Amino acid sequence: LQTQGSSLQSKNHSLVVAMEAQRKNVQTLKSENEELNKTLRELKKQIQEKDVQTAARESSLGKKKNDLTIQIAVLTHEKKEILAENTKFASQFDELIKRLNLMKKEKLNLNKNLM
């Protein structure tokens with residue numbers, strides 16, 4: 001019995017040592033888990049901040065795009081008006097050239113008649 005008791009005490013001691021090692025291991029894992037969770041929370045916070053910044057930039061870019069679209073529409077309209085005026089002036093210029101040529105012919109005719 002004494003041998004069995006000694007053997008059981010030895011096994012018990014080994015189990016106690018193993019359980020203590022497991023307890024330390026569990027404690028280490030808990031600490032590591034807490035650190036990982038803390039890091040995860042920080043990363044989530046950074047992502048949310050970046051998302052807010054990105055949304056603000058996108059909003060700003062959307063506004064700038066709308067402003068540019070309006071400016072393009074205004075400039076396109078002004079360009080059409082200028083082209084219309086240019087066409088009108090070109091027609092008037094052509095008419096003036098025709099009248100000038102007629103006046104030159106009349107002058108030549110008058111000069112011939114005077115001679």
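Everything numeric in this text was worked out from a predicted model, so none of it was measured.
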Going from [atom1] on [X] to [atom2] on [Y], what distance comes out if it is rounded to the nearest 0.5 angstrom?
X      : Y      : atom1 : atom2 : value
Lys79  : Asn86  : NZ    : CG    : 11.5 Å
Asp51  : Glu58  : CG    : CD    : 9.5 Å
Lys104 : Leu102 : NZ    : CG    : 11.5 Å
Met103 : Leu110 : CE    : CG    : 11.0 Å
Thr69  : Gln71  : OG1   : CD    : 9.5 Å
Glu34  : Glu32  : CD    : CD    : 11.0 Å

* Within 6.0 Å of CD in Gln9, more than 12 heavy atoms from elsewhere -> no

* **Charged N-O contact under 4.0 Å between Lys98 and Asp94** => no

* **Carboxylate-amine/guanidinium proximity below 4.0 Å for Arg23 and Glu20** => yes

* His77 side chain to Glu81 side chain, donor-acceptor N/O pair below 3.5 angstrom -> yes

Spell out, as yes or no, whether a donor-acceptor pair under 3.5 Å connects the side chain of [X] to the backbone of [Y].
X     : Y     : answer
Thr28 : Lys24 : yes
Ser91 : Thr87 : yes
Ser59 : Ala55 : no

* **Residues forming a side-chain hydrogen bond (donor to acceptor under 3.5 Å, both in side chains) with Lys80, sequence neighbours excluded** => none

Quick one, [X] and [Y] - any side-chain contact, counting heavy atoms below 4.5 Å?
X     : Y     : value
Leu36 : Leu40 : no
Arg41 : Asn37 : yes
Arg99 : Glu95 : yes
Glu85 : Ile82 : no

